[in-house]
**Student:** 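Supplied in structure tokens, the structure appears directly below.
Atoms within each ligand, like the ligands themselves, are counted from 1 in listed order.
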Amino acid sequence: MLRALYDAARKTLDPVHYDYVAGGAGEERVVAGNEGAFDRYALLPRVLCGSEVRDTAVDLPGARRAAPVVVAPTAFHRLLHPGGERATARAAAAEGAVLVTGTAATTAVADVVAAAREAAADPAVWFQLYLHPRREVTEALVRRAERAGCTALVVTVDSPVFGRHTRDLRNGFTDLPPGYAAENMRGLPGAPPDGLTDIPMSPSLSWRDLGELLHMTSLPVLVKGVLHPADATVAVEHGAAGVIVSNHGGRQSDAVPAAVDCLPAVARAVAGRVPVLLDGGIRRGSDVAVALALGAAAVGVGRPAVWGLAAEGEAGVRAVLRTLCDEYDHTLALCGGRRNTDLARDMVVRKGETW
Ligand SMILES: Cc1cc2nc3c(=O)[nH]c(=O)nc-3n(C[C@H](O)[C@H](O)[C@H](O)COP(=O)(O)O)c2cc1C
Ligand SMILES: O=C(O)C(=O)c1ccccc1
């Protein structure tokens, strides 16, 4: 459905930047695996129980939204389209989707939220955070997000070290070019804004650091990058407001399972205490339906939104979100559902393994 937009993105982007977005760690087995995993699931519809009027609304931390599709945090939008994060923010707000803007954005969070507010009266922008080894730097970032009007924080925990993006290493793309900066890092304690090397990652971060983050803010905090069900349990016990099952779109480890294959066990561990979100490989409305039936409250999309942005700016991101949500609503109707929670666990089967 969105093939034409993706092709346009490929044509218009500098090949090095295209590779930055498309690529992943190692041999990119996980990049391929995230998408491929959805091909192994099928939906078993229920019949004669549907409705003309469907309600796909979802309650997420700091956001009730009309559809269960969130724009996942991705870096460097200004590098990919002159409209940058502002264009993405306007698109997400206009389509009623949560936008997760982040530490690696090339537009300051206050400007991102301002752009979202131009496009809709009540937008929802979350801020994605890399925990800084220095607590005062993390705290300064948190205050920026709070002051800007973000309604939740997303802390990414799958990056104890930078991912080794094979194509970037081959292309020599290891930092932002001159003229671009990770704007949220500008002027932070001890952090000159020279680019992505200012976003340090540390393998010595621990659950204690998450605990400290939860104490320094009253915003809900979602934990992004959980694959092991035991970690989901610990996150909830610490007070996380949500768990995001994600392998970072295959950009960190190239030896992990497909994200959607980790979802059922995480959903079981969380047991409805907080919403579970999933990102990685969502490309069509039926993928959204599979994820919801396997226990997700909502899904995130990374690359699809970026391709839309690169191809057509705000209009491209809007087209991606609208298409996914339309397809999802149509799939829900075909499954005999009227709301998201009608997609029950027993309506997803492994292909070739129906009873
Ligand atoms: C170009 C790019 C940049 C990304 N930057 C970040 C980031 O700064 N922080 C983060 O938590 N995740 C980041 N991610 C991961 C996404 O949030 C998300 O987990 C992933 O893209 C989902 O997979 P998908 O692209 O198949 O939808 C990035 C992904 C891409 C493709
Ligand atoms: O590219 C990424 O996946 C990513 O998460 C990131 C992290 C720090 C700076 C830039 C991008």
Side-chain angles (χ1 to χ4, degrees), residues 2 6 9 13 16-25 28 30-38 69-81 85 88 98-106 126-132 141 153-169 173-176 180-185 193-202 222-227 244-253 256 258-260 262 277-284 287-288 291 299-310 320-321 324:
L2 293 162
Y6 298 167
L13 280 172
V16 170
H17 300 161
Y18 175 84
D19 275 353
Y20 168 66
V21 176
E28 302 182 348
V30 177
V31 176
N34 278 348
E35 289 188 24
F38 284 98
V69 178
V70 168
V71 179
T74 48
F76 307 162
H77 290 190
R78 285 185 51 234
L79 195 63
L80 306 166
H81 188 276
E85 285 84 2
T88 315
V98 174
L99 169 70
V100 191
T101 191
T103 305
T106 43
W126 295 350
F127 187 76
Q128 177 270 334
L129 189 68
Y130 283 109
L131 287 173
H132 197 285
L141 269 172
L153 300 176
V154 172
V155 58
T156 300
V157 296
D158 61 14
S159 305
V161 290
F162 271 102
R164 290 189 181 152
H165 302 168
T166 309
R167 301 189 204 194
D168 297 345
L169 296 172
F173 181 70
T174 52
D175 211 336
L176 279 166
Y180 299 92
E183 291 293 340
N184 293 309
M185 301 300 290
D194 290 335
L196 70 88
T197 47
D198 295 327
I199 302 172
M201 293 178 180
S202 166
L222 296 93
V223 177
K224 174 175 184 278
V226 170
L227 298 176
I244 305 180
V245 177
S246 170
N247 55 32
H248 213 112
R251 300 163 73 82
Q252 289 296 117
S253 170
V256 290
V260 67
C262 297
L277 283 73
L278 167 102
D279 73 38
I282 298 283
R283 298 295 178 264
R284 54 189 78 77
D287 300 340
V288 182
V299 300
V301 289
R303 294 181 185 85
V306 172
W307 300 140
L309 175 71
V320 167
L321 292 171
L324 271 176

**Student:** Would Gly302 count as a polar contact of ligand 1, with the cut-off being nitrogen or oxygen pairs under 3.5 Å?
**Tutor:**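 In this structure, Gly302 places an N or O atom under 3.5 Å from an N or O of ligand 1.
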**Student:** For ligand 2, which atoms have a heavy atom of Ala75 less than 4.0 angstrom away?
**Tutor:** 10 (C), 11 (C)
**Student:** Which atoms from ligand 2 have a heavy atom of Ala104 less than 4.0 Å away?
**Tutor:** 9 (C), 10 (C)
**Student:** What do you reckon, are the aromatic ring centroids of His17 and Phe76 less than 6.0 Å apart?
**Tutor:** no
**Student:** Whether Arg283 and Glu35 form a salt bridge (side-chain N of Lys/Arg under 4.0 Å from carboxylate O of Asp/Glu) is what I want to check.
**Tutor:**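 Looking at Arg283 together with Glu35, the answer is yes, because their closest N to O distance falls below 4.0 Å.
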**Student:** If you measure from atom 16 (C) of ligand 1 to every heavy atom of Ala104, Ala22, Pro73, which option wins on shortest distance?
**Tutor:**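 Answer by nearest heavy atom: Pro73.
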**Student:** Heavy-atom contact under 4.0 Å between Ile282 and ligand 1?
**Tutor:** no
**Student:** Polar-atom distance check: Thr156 versus ligand 1, any N or O pair below 3.5 Å?
**Tutor:** yes
**Student:** Quick check on contacts: which atoms of ligand 1 are under 4.0 angstrom from a heavy atom of Gly281?
**Tutor:** 24 (P), 26 (O)
**Student:** Suppose I only count heavy atoms of Met201 and a 4.0 Å limit; which atoms of ligand 2 are within that range?
**Tutor:**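 Here the atoms of ligand 2 in question are 7 (C), 8 (C).
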**Student:** Show me which atoms of ligand 2 lie under 4.0 Å from any heavy atom of Arg251.
**Tutor:**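 Taking each heavy atom of Arg251 in turn, ligand 2 has 1 (O), 2 (C), 3 (O) under 4.0 Å.
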**Student:** Where the closest heavy atom to atom 30 (C) of ligand 1 is concerned, which of His77, Gln252, Arg251, His248 has it?
**Tutor:** Arg251
**Student:** Only heavy atoms of Val21, strictly under 4.0 Å: list the atoms of ligand 1 that pass.
**Tutor:**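 So the answer, numbered in order with elements, is 1 (C), 31 (C).
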**Student:** Which residues pass the salt bridge (Lys or Arg N to Asp or Glu O under 4.0 Å) test with Asp287, sequence neighbours left out?
**Tutor:**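 Checked Asp287 against salt bridge (Lys or Arg N to Asp or Glu O under 4.0 Å); matches are Arg284.
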**Student:** Quick check on contacts: which atoms of ligand 2 are under 4.0 angstrom from a heavy atom of His248?
**Tutor:**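 In order of number, 2 (C), 3 (O), 4 (C), 5 (O).
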**Student:** Apply the test side-chain hydrogen bond (donor to acceptor under 3.5 Å, both in side chains) to residues Thr106 and Glu183: give CA-CA distance (whole Å), side-chain angles for both, the deciding distance (0.1 Å), then the verdict.
**Tutor:** CA-CA 5 Å; Thr106 43; Glu183 291 293 340; over 6 Å; no
**Student:** Do any nitrogen or oxygen atoms of Arg283 lie less than 3.5 angstrom from nitrogen or oxygen atoms of ligand 1?
**Tutor:**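 Yes, Arg283 has an N/O under 3.5 Å of an N/O on ligand 1.
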**Student:** Between His165 and ligand 2, does any nitrogen or oxygen pair lie at a separation below 3.5 Å?
**Tutor:**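 Checking ligand 2 against His165, no N or O pair falls under 3.5 Å apart.
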**Student:** With a 3.5 Å cut-off and sequence neighbours excluded, list the donor-acceptor pairs that the side chains of residues 160-168 form with protein atoms.
**Tutor:**
{"from": "His165", "atom 1": "ND1", "to": "Asp168", "atom 2": "OD2", "distance (Å)": "3.1"}
{"from": "His165", "atom 1": "NE2", "to": "Arg251", "atom 2": "O", "distance (Å)": "3.1"}
{"from": "Thr166", "atom 1": "OG1", "to": "Gly26", "atom 2": "N", "distance (Å)": "3.2"}
{"from": "Thr166", "atom 1": "OG1", "to": "Gly26", "atom 2": "O", "distance (Å)": "2.5"}
{"from": "Arg167", "atom 1": "NE", "to": "Glu28", "atom 2": "OE1", "distance (Å)": "3.4"}
{"from": "Arg167", "atom 1": "NE", "to": "Glu28", "atom 2": "OE2", "distance (Å)": "2.9"}
{"from": "Arg167", "atom 1": "NH1", "to": "Asp19", "atom 2": "OD1", "distance (Å)": "3.1"}
{"from": "Arg167", "atom 1": "NH2", "to": "Glu28", "atom 2": "OE1", "distance (Å)": "2.9"}

**Student:** Below the 3.5 angstrom mark, is there an N/O of Asp279, backbone or side chain, next to an N/O of ligand 1?
**Tutor:** yes
**Student:** Nearest non-hydrogen contact with atom 9 (N) of ligand 1 belongs to which option: Tyr20, Phe76, Tyr130?
**Tutor:** Tyr130
